[in-house]
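Report on one structure; see the data block that follows.
Only this structure's heavy atoms are used, side chains among them; waters, hydrogens and symmetry mates stay out.
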Amino acid sequence: MARVLMLAGDAAEELDSMYPLFRLREDDHEVVVAAPTTRPVQLVVHDFEPGCDAYTEKPGRRLPVDLAFADVRPEEYDALVIPGGRAPEYIRTDPDVARIVAHFFANELPVGTICHGPQVPAALGLLRGRTTAAYPPLKVDVEQAGATFTDGPDVVDGAMVSCRGWPDLPQWSRAFLRVLAKSGVPTG
């Protein structure tokens with residue numbers, strides 16, 4: 001069983017957060033949710049409405065948080081998941097998030113990013129030379145970070161697994177679980 005750390009914050013996308021949380025737990029992995037503080041975070045629901053050029057946002061569920069970013073000891077975890085939504089936009093500036101994410105990349109541990117999740121490693125210079133998916137309008141941001149953008153549901157680059165958003169979660173989950181199994185972590 002792996003210990004998986006999930007980085008969240010207010011306005012993390014509900015499906016991007018809850019689907020991997022439950023899918024990993026379904027395979028008997030422990031998922032620990034970290035956020036700026038230990039209060040529950042407010043998730044949001046992003047959807048596509050007819051006649052709207054961009055996605056819409058509605059309030060979603062609250063996600064319980066296990067520990068604050070400052071209290072995370074990344075060496076205690078086998079993998080990392082960064083859901084999308086608007087949360088990556090602001091958690092990427094947190095110095096503890098930088099410390100945490102750098103650990104996973106430096107040790108080539110599994111990192112899963114969903115939708116806007118690649119904004120975090122991009123801001124930290126960790127996507128340079130990599131291939132990643134992301135929410136398609138982030139193509140320019142990904143390329144500015146030195147990565148190759150791929151429009152796909154389950155892009156694997158070493159130990160990093162990425163996707164465009166919640167419609168890709170079945171494919172992303174299968175790919176992430178394969179990468180997790182290959183990492184040598186006992187699986188369920």
Considering non-hydrogen atoms only, spot the tightest contact between F176 and G112 and give its length.
CE1-N, 3.5 Å

Under a 3.5 Å cutoff, is there a donor and acceptor pairing between the side chains of E13 and H46?
no

Please round to the nearest 0.5 Å and tell me the distance separating atom NE2 of H29 and atom CG of L180.
5.0 Å

To check you understand the geometry: which heavy-atom pair defines the closest contact between P88 and P83, and what is its length?
CG-O, 3.3 Å

Is there a side-chain contact between D96 and D71 in this structure, where contact means two heavy atoms from C-beta onward sitting under 4.5 Å apart?
no

Between Y77 and V32, does the side chain to side chain contact (heavy atoms under 4.5 Å, CB included) criterion hold? Intermediate values first, please.
CA-CA 9 Å; Y77 300 91; V32 175; 3.7 Å; yes

Measure across P167 and P170 and return the closest heavy-atom pair with its distance rounded to 0.1 Å.
O-CD, 3.8 Å

Any non-hydrogen side-chain atom of R164 less than 4.5 Å from a side-chain atom of C115?
no

Of the non-hydrogen atoms in A70 and R99, which two are nearest, and what is the gap between them?
O-NH2, 3.8 Å

Other residues, nucleotides, ligands: >12 heavy atoms within 6.0 Å of E143 CD:
yes

Side-chain (T93) to main-chain (Y90) donor-acceptor, under 3.5 angstrom:
yes

For a 4.5 angstrom cut-off between non-hydrogen side-chain atoms, does F69 reach P36?
yes

Do the side chains of L109 and L80 get nearer than 4.5 Å, heavy atoms only?
no

Taking the six-membered ring for Trp, are Y55 and Y135 closer than 6.0 Å centroid to centroid?
yes

Could you measure the distance from the CH2 atom of W166 to the CG atom of D47? Nearest 0.5 Å is fine.
5.0 Å

Reported OG-to-CG distance for the pair S17 and L43, which is rounded to 0.5 angstrom
5.0 Å

State whether the number of non-hydrogen atoms from other residues, nucleotides or ligands found under 6.0 Å of R61 atom CZ is greater than 12.
no

Starting from the C-alpha separation in whole Å, work towards a yes-or-no answer on side chain to side chain contact (heavy atoms under 4.5 Å, CB included) for D154 and D168.
CA-CA 7 Å; D154 54 356; D168 296 335; over 6 Å; no

Could you check whether any side-chain heavy atom of F105 comes within less than 4.5 Å of a side-chain heavy atom of M160, counting everything from C-beta outward?
yes

Could you tell me whether the side chain of F149 reaches within less than 4.5 Å of the side chain of D141, counting heavy atoms only?
no

With rounding to the nearest 0.5 angstrom, report the CD to CZ distance, Q171 to R174.
5.5 Å

For the pair R62 and E14, evaluate salt bridge (Lys or Arg N to Asp or Glu O under 4.0 Å) and give the outcome as yes or no after the intermediate values.
CA-CA 9 Å; R62 292 193 183 276; E14 184 172 292; over 6 Å; no

Going through the checks in order, is the salt bridge (Lys or Arg N to Asp or Glu O under 4.0 Å) test met by R3 and D78?
CA-CA 5 Å; R3 289 192 84 211; D78 304 302; over 6 Å; no

When you group the ILVMFWY residues by side-chain heavy-atom contacts below 4.5 Å and let the links chain together, are I82 and V33 in the same group?
no

May I ask whether L7 and W172 are part of the same hydrophobic cluster, defined by side-chain heavy atoms of I, L, V, M, F, W, Y residues being less than 4.5 angstrom apart, directly or through others?
no

Heavy-atom closest pair, residues A34 and L5:
CB-CD1, 3.9 Å

If two hydrophobic side chains count as joined below 4.5 Å and joins carry through other members, does V120 share a cluster with V161?
no

Check whether any side-chain heavy atom of V81 lies under 4.5 Å from a side-chain heavy atom of V4, and answer yes or no.
yes

How about S162 and T132: does a side-chain donor come under 3.5 Å of a side-chain acceptor?
yes

Any side-chain heavy-atom pair from H116 and L138 closer than 4.5 angstrom?
yes

Nearest heavy-atom approach of G9 to A87 is O-CB, 3.7 Å

Should D10 and R39 count as an ion pair when the cut-off is N to O under 4.0 Å?
yes

Mind checking whether V44 and V41 sit in one hydrophobic cluster, side chains of I, L, V, M, F, W, Y counted as touching below 4.5 Å?
no

CG (L177) and CG (L24) are apart, to the nearest 0.5 Å, by 5.5 Å

Within a 6.0 Å radius of atom CD on E57, are there more than 12 heavy atoms belonging to other residues, nucleotides or ligands?
yes

Audit row: E89, R86, salt bridge (Lys or Arg N to Asp or Glu O under 4.0 Å) steps and yes/no:
CA-CA 6 Å; E89 178 183 317; R86 286 186 297 110; 5.7 Å; no

Are V156 and V111 connected into the same hydrophobic cluster when the rule is that any two of I, L, V, M, F, W, Y join if their side-chain heavy atoms are below 4.5 Å apart?
no

For the CZ atom of R130 and the CG atom of L127, what is their distance to the nearest 0.5 Å?
7.5 Å

